[in-house]
S.K.: 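Below: one structure in structure tokens.
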Amino acid sequence: MSVKMTVSKDLKIRIGQKIKSFRKKCSLSQEQLAEMVNMETKSLSRIESGHNYPMYENLVLISGALGIEPWQLYFSDDTKDIDKMRSEIISALEEDENKIPAVYQYLSMLK
């Protein structure tokens, strides 16, 4: 049970950090973003600090106000260079060939 609580806390922190990062990229203050989504500034502050997890409706409103999709708040920005990413992908596929069909299908969908 404590593992689940740790994951939940980590997720709240990560989501809050992502919201803050996207908000700053948009040059918005907490007050401005809170007003855009009809939320109290204190509530947004608690979300950004990882103390509270936003309700689904607020998550959708916040991501919309930031000009992003909600899923973007769950994934990290990869700032690795292309060669590093290529190397990691090749290594992962060499370690587990069972992943090749799934990766191939995914790449086929991108065409």
Side-chain angles (χ1 to χ4, degrees):
M1 186 172 192
S2 64
V3 172
K4 188 174 184 180
M5 290 173 51
T6 301
V7 171
S8 178
K9 179 67 175 163
D10 291 344
L11 180 61
K12 286 192 291 189
I13 291 169
R14 187 170 60 240
I15 296 293
Q17 290 171 341
K18 296 289 286 190
I19 290 170
K20 183 176 183 176
S21 173
F22 279 113
R23 175 179 60 77
K24 288 187 173 198
K25 284 181 185 176
C26 292
S27 300
L28 293 170
S29 67
Q30 279 186 339
E31 293 80 13
Q32 290 169 318
L33 179 58
E35 184 176 320
M36 291 170 73
V37 298
N38 197 26
M39 176 185 288
E40 290 185 25
T41 304
K42 183 176 181 179
S43 296
L44 180 59
S45 175
R46 291 191 56 76
I47 291 169
E48 286 188 357
S49 65
H51 288 95
N52 290 1
Y53 184 82
M55 294 186 326
Y56 177 74
E57 295 82 8
N58 288 336
L59 191 68
V60 171
L61 290 171
I62 290 168
S63 61
L66 296 172
I68 60 170
E69 295 294 327
W71 63 263
Q72 290 178 275
L73 297 172
Y74 290 89
F75 296 97
S76 64
D77 292 329
D78 242 307
T79 56
K80 298 176 185 173
D81 66 51
I82 297 295
D83 290 331
K84 177 78 172 159
M85 286 189 255
R86 181 182 294 117
S87 173
E88 288 181 20
I89 291 168
I90 291 169
S91 293
L93 294 176
E94 287 174 346
E95 289 174 18
D96 185 358
E97 289 185 347
N98 293 324
K99 293 178 182 176
I100 293 174
V103 170
Y104 180 80
Q105 287 178 349
Y106 177 75
L107 292 173
S108 296
M109 291 187 307
L110 294 176
K111 291 182 182 179

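Computed from a predicted structure; not experimentally measured.
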S.K.: Do the side chains of Ile15 and Lys18 get nearer than 4.5 Å, heavy atoms only?
M.R.: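 No. Closest side-chain heavy atoms not under 4.5 Å.
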S.K.: Measuring from Glu95:CD to Ile90:CD1, what's the distance to the nearest 0.5 Å?
M.R.: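 The CD atom of Glu95 sits 12.5 Å away from the CD1 atom of Ile90.
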S.K.: Hey, could you give me the CG/CE distance between Leu61 and Met55, rounded to the nearest 0.5 Å?
M.R.: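 That separation rounds to 9.0 Å.
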S.K.: Which value, rounded to the nearest 0.5 Å, describes the distance between Arg86 atom CZ and Ile89 atom CD1?
M.R.: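 It comes to 8.5 Å.
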S.K.: Can you tell me if Gln72 uses its side chain to pair, donor with acceptor, with the backbone of Glu69 under 3.5 Å?
M.R.: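 Such a contact is found between Gln72 side chain and Glu69 backbone.
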S.K.: Quick one: does Lys20's side chain get under 4.5 Å of Ile47's, heavy atoms only?
M.R.: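 Heavy-atom side-chain distance check fails, nothing below 4.5 Å.
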S.K.: Same cluster or not: are Leu107 and Tyr104 linked, directly or through other Ile, Leu, Val, Met, Phe, Trp or Tyr residues, by side-chain heavy atoms under 4.5 angstrom apart?
M.R.: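 No; tracing contacts between hydrophobic side chains, which count when under 4.5 Å, never links both residues.
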S.K.: For Asn52, is there any backbone N or O sitting under 3.5 Å from a side-chain donor or acceptor partner on Arg46?
M.R.: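 It does not hold such a pair.
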S.K.: Could you check if a side-chain atom of Tyr53 sits within less than 4.5 angstrom of a side-chain atom of Leu59, using non-hydrogen atoms only?
M.R.: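 Yes - at least one pair of side-chain heavy atoms lies under 4.5 Å apart.
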S.K.: Do Tyr74 and Leu11 have side chains that approach each other closer than 4.5 Å (heavy atoms only, starting at C-beta)?
M.R.: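 With C-beta onward as the side chain, the pair touches.
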S.K.: To the nearest 0.5 Å, what is the distance between CG on Leu28 and CD on Glu35?
M.R.: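 Answer for the CG-CD pair, Leu28 versus Glu35, is 11.0 Å.
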S.K.: Looking at Ser45 and Thr41, would you say the former's side chain and the latter's main chain have a donor-acceptor pair under 3.5 Å?
M.R.: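 No.
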S.K.: Test of understanding: with side-chain contact (heavy atoms from CB on, under 4.5 Å), list the residues that count as partners of Tyr56, not counting sequence neighbours.
M.R.: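 If we apply the side-chain contact (heavy atoms from CB on, under 4.5 Å) test to Tyr56, skipping adjacent residues, the hits are Val60.
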S.K.: Mind checking side-chain hydrogen bond (donor to acceptor under 3.5 Å, both in side chains) for Asn38 and listing every partner two or more places apart, or none if nothing turns up?
M.R.: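 Per chain and number, Asn38 pairs via side-chain hydrogen bond (donor to acceptor under 3.5 Å, both in side chains) with no residue.
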S.K.: Any heavy-atom pair between the side chains of Val37 and Leu44 that's under 4.5 Å?
M.R.: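 They are not in side-chain contact.
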S.K.: Hey, is the main chain of Ser87 close enough, under 3.5 Å, to the side chain of Ser91 for a donor-acceptor pair?
M.R.: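 Yes, Ser91 side chain to Ser87 backbone: donor-acceptor pair under 3.5 Å.
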S.K.: Measure across Lys99 and Ala92 and return the closest heavy-atom pair with its distance rounded to 0.1 Å.
M.R.: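 Nearest heavy atoms, Lys99 then Ala92: CD-O, 4.4 Å.
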S.K.: Checking the side chain of Ser43 only, and the main-chain atoms of Met39 only, is there a donor and an acceptor separated by less than 3.5 Å?
M.R.: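 A pair under 3.5 Å: no.
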S.K.: Count the heavy atoms belonging to other residues, nucleotides or ligands that lie under 6.0 Å from CD of Gln30, then report whether that count exceeds 12.
M.R.: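 Enclosed: over 12 neighbouring heavy atoms sit under 6.0 Å from CD of Gln30.
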S.K.: How far does OG of Ser49 sit from NZ of Lys12, to the nearest 0.5 angstrom?
M.R.: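 Output value for this atom pair is 9.5 Å.
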S.K.: Has the side chain of Ser21 got a donor or acceptor atom that lies under 3.5 Å from a matching backbone atom of Gln17?
M.R.: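 No, the answer is negative, given that no donor and acceptor are paired below the 3.5 Å cut-off.
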S.K.: Nearest 0.5 angstrom please: Leu73 CG to Ile62 CD1, how far?
M.R.: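 Those atoms lie 8.0 Å apart.
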S.K.: Test of understanding: with side-chain hydrogen bond (donor to acceptor under 3.5 Å, both in side chains), list the residues that count as partners of Gln32, not counting sequence neighbours.
M.R.: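 Expected list: Ser29.
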